[in-house]
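Down below is the structure, laid out as structure tokens.
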Amino acid sequence: MHTKKELLQQRKQVEQLRTQSSLNPQHAEKMEQSIASSWERSSLADIPKERLAAPLSNQLTEPRSSLSLALQACREDLKHIAEQSSMVLAVGDMGSTIIWTASCTQMRNAAEQVHFVAGGQWQEELVGTNALALSLKTRKSSCVFSNEHYMASVHDWVCYAAPIIDPYSKQVLGVVDLSTTWENHNSLGLLAVERCAAILQMAVQELQQQHLYFRTLNTAQVLLNGRNLTLTPRQIEILVILALCPQGLNLENLHQALYGERKVSIGTLKAEMSHLRDRLGDALGSRPYRLNVAIEADFLQLEQALDAGYISTALQCYTGIFLAKTESPFLCAWRDGLESRLSHAIFQTQGSDALLKHLAYSPEAVDAAERLLELLPASHPAKNMLSKYHDH
């Protein structure tokens with residue numbers, strides 16, 4: 001436990017750094033580099049100076065998502081941790097919007113005042129430096145102490161956060177945060193929040209005893225209960241179509257979605273379905289054909305991020321073209337729609353970091369290059385590299 005004197009000294013030092021330029025490399029050495037970088041991004045994000053509470057959203061995470069289902073299974077355990085530790089505990093989705101909280105009585109009012117409640121949007125570009133957004137960005141546990149927060153209304157808080165990572169896919173599903181007042185800062189806070197993340201991850205793992213995971217961006221791969229299935233590209237296409245049509249499809253509609261006008265017999269598709277049934281067993285239902293297990297997929301995560309308006313999260317999810325070689329008319333149309341939405345999102349974003357990473361994965365992303373040319377200052381070293389896109 002830190003003494004009151006040490007904590008006051010820490011607050012004083014942070015305040016000195018805040019009033020000077022946070023871009024100075026000597027300042028970054030005196031504090032977490034991730035916090036210094038976050039301050040820099042926050043100062044460029046046009047956050048209203050008078051903002052004292054996070055904006056509220058009424059669009060919460062899909063109730064059938066792994067995270068929501070895991071939360072239902074272990075909310076009593078998490079509630080108990082919040083009450084015992086005299087903290088407020090929040091679970092956020094993959095874009096830092098809070099989907100559930102539990103609070104001790106001492107922190108309840110303070111949490112409500114700053115909208116640290118379900119629906120509170122704690123993205124860095126909306127409220128500046130905070131632990132939820134930082135953990136999602138770095139994929140590591142993080143502590144944001146007192147006036148390290150960008151928003152003045154939470155300068156009396158200390159927050160510890162840890163990402164919730166899918167045990168199979170290693171994708172980030174969300175974030176868990178424990179917060180209290182700065183005087184109660186304790187180095188055990190990070191251990192406690194990591195324990196909360198582990199509880200949620202174990203609940204996700206239990207839900208996924210029967211579970212299909214799809215990778216379709218860049219390399220196509222399907223895992224059943226964590227085991228890679230050796231499938232043909234055609235079989236992967238069939239399963240992706242069924243993942244996108246949860247209500248199921250009859251044989252004729254599936255044939256149309258897969259082959260369109262190509263001259264392929266119904267018998268060929270029947271044989272494919274028989275091979276798939278051998279591999280998947282009861283996970284593949286018939287009449288209509290449908291998937292009977294929990295599904296997680298990189299393309300569904302990308303779609304959810306776009307639906308929720310999490311542009312930087314969507315760009316992180318996009319690691320390559322969706323099923324680049326498919327000839328299925330249904331999947332090509334879905335991919336075109338996805339690419340169009342992503343391109344629209346790119347022209348809305350203010351985040352040059354996310355766009356530079358996106359361009360590294362997708363060198364052909366002319367839309368990202370054009371947006372970067374608009375966003376970056378003339379002196380930025382990437383400007384030369386980007387000018388080649390302009391010439392085309």
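By the rule that hydrophobic residues join a cluster once side-chain heavy atoms approach within less than 4.5 Å of another member, V117 and I99 end up as members of separate clusters. Clustering ILVMFWY residues whenever any of their side-chain heavy atoms sit less than 4.5 angstrom apart, transitively, puts I241 in the very cluster that holds V264. By the criterion of side-chain heavy atoms lying less than 4.5 angstrom apart, applied directly or through intervening Ile, Leu, Val, Met, Phe, Trp or Tyr residues, I266 is grouped together with F330 in one hydrophobic cluster.
The environment of R195 atom CZ is sparse: at most 12 non-hydrogen atoms of other residues, nucleotides or ligands sit within 6.0 angstrom. The environment of D278 atom CG is dense: over 12 non-hydrogen atoms of other residues, nucleotides or ligands sit within 6.0 angstrom.
For the pair W100 (side chain) and S68 (backbone), a donor-acceptor distance under 3.5 Å is absent. Judged purely by atom type and a 3.5 angstrom limit, N292 uses its side chain to pair as donor or acceptor with the backbone of D282. Judged by distance alone, with hydrogens and angles left aside, the side-chain atoms of S146 form no donor-acceptor pair with the main-chain N or O of D156 at under 3.5 Å. For the pair Y160 (side chain) and N186 (backbone), a donor-acceptor distance under 3.5 Å is present. Between the R371 side chain and the T349 main chain, a donor and an acceptor come within less than 3.5 Å of each other.
Q301 has its side chain within reach of Q171: a pair of non-hydrogen atoms, C-beta onward, lies under 4.5 Å apart. Residues L291 and L284 form a side-chain contact, since some pair of their non-hydrogen atoms from C-beta on lies under 4.5 Å apart. Between Q350 and L375, some side-chain heavy-atom pair lies under the 4.5 Å cut-off. Using a 4.5 Å heavy-atom cutoff, the side chains of L200 and V204 are not in contact. Counting heavy atoms from C-beta outward, N130 and V154 have side chains that stay 4.5 Å or more apart. N147 places none of its side-chain heavy atoms less than 4.5 Å from the side chain of W182. The closest side-chain heavy-atom distance from V88 to R108 is not below 4.5 Å. For the pair V293/H211, no side-chain contact is recorded, criterion being any heavy-atom separation below 4.5 Å from C-beta on.
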Any chance you could lay out the side chain to side chain contact (heavy atoms under 4.5 Å, CB included) test for L244 and L331, step after step, and finish with the verdict? CA-CA 9 Å; L244 286 166; L331 294 174; 4.0 Å; yes
Derivation of the side chain to side chain contact (heavy atoms under 4.5 Å, CB included) call for D93 and Q304: CA-CA 10 Å; D93 66 11; Q304 283 161 15; over 6 Å; no
Please assess V175 against S96 for the test side chain to side chain contact (heavy atoms under 4.5 Å, CB included), listing each intermediate value before the final yes or no. CA-CA 7 Å; V175 61; S96 318; 5.5 Å; no
Apply side chain to side chain contact (heavy atoms under 4.5 Å, CB included) to the pair Q235 and L229, showing each step before the final yes or no. CA-CA 10 Å; Q235 289 167 338; L229 293 174; over 6 Å; no
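By the salt bridge (charged side-chain N to carboxylate O under 4.0 Å, His left out) test, R262 pairs with E327, sequence neighbours left out. Residues satisfying the side-chain contact (heavy atoms from CB on, under 4.5 Å) test with A369, not counting sequence neighbours, are L359, L386, Y389.
Residue pairs that meet the ring-ring contact (aromatic ring centres under 6.0 Å, His included) test with at least one member in residues 220-252, sequence neighbours left out, do not exist here. Listed by first then second residue, pairs satisfying side-chain hydrogen bond (donor to acceptor under 3.5 Å, both in side chains) with a partner in residues 333-343 read D307-R341, Y318-E339, S343-D367, not counting sequence neighbours. Residue pairs that meet the salt bridge (Lys or Arg N to Asp or Glu O under 4.0 Å) test with at least one member in residues 232-261, sequence neighbours left out, are R234-E237. Judged as a ring-ring contact (aromatic ring centres under 6.0 Å, His included), the pairs with a partner in residues 108-146 (not counting sequence neighbours) are, in order, F116-W122, F116-W157, F145-H185. For residues 267-292, there are no ring-ring contact (aromatic ring centres under 6.0 Å, His included) pairs, not counting sequence neighbours. Within the structure, the salt bridge (Lys or Arg N to Asp or Glu O under 4.0 Å) test picks out the following pairs touching residues 114-141 (sequence neighbours left out): R41-E124. The ring-ring contact (aromatic ring centres under 6.0 Å, His included) pairs that include a residue from residues 67-89 number zero, where partners must be two or more places apart or lie in different chains.
Side-chain contacts under 4.5 Å among hydrophobic residues (ILVMFWY), followed directly or transitively, place M202 with no other residue at all. Side-chain contacts under 4.5 Å among hydrophobic residues (ILVMFWY), followed directly or transitively, place Y213 together with L223. Taking Ile, Leu, Val, Met, Phe, Trp and Tyr as hydrophobic and joining them when side-chain heavy atoms fall under 4.5 Å apart, one finds L191 in a cluster with L188.
Counting all heavy atoms, side chain and backbone alike, S42 lies closest to I47 at O-CD1, 3.8 Å. Scanning both residues, C159 and S179, for their nearest heavy atoms gives SG-OG, 3.0 Å. Scanning all heavy atoms of the two residues, the minimum distance from L306 to A314 falls at CD2-CB, 3.9 Å. For the residue pair A368 and L355, the shortest heavy atom distance occurs at CB-CD2, 4.2 Å. Taking every heavy atom of both residues into account, A161 and D177 meet most closely at CB-OD2, 3.9 Å. G95 and T313 get closest at one heavy-atom pair: CA-OG1, 4.1 Å.
Distance CG/L323 to CG/N218: 11.0 Å, rounded to 0.5 Å. Between atom CE of residue M94 and atom CD1 of residue I164 there is a gap of 12.5 Å, rounded to the nearest 0.5 Å. Of the inter-residue distances, the one linking L178 atom CG with L89 atom CG reads 4.5 Å to the nearest 0.5 angstrom. Here the CD1 atom belonging to I346 is positioned 3.5 Å from the NE2 atom belonging to H358, to the nearest 0.5 angstrom. Annotation: the span from H255 atom NE2 to K270 atom NZ amounts to 11.5 Å, rounded to 0.5 Å. Rounded to the nearest 0.5 angstrom, L276 CG and L239 CG are separated by 5.0 Å.
Y150 and S38 are not linked by any side-chain donor-acceptor pair at a separation below 3.5 angstrom, with hydrogens and angles left out of the test.
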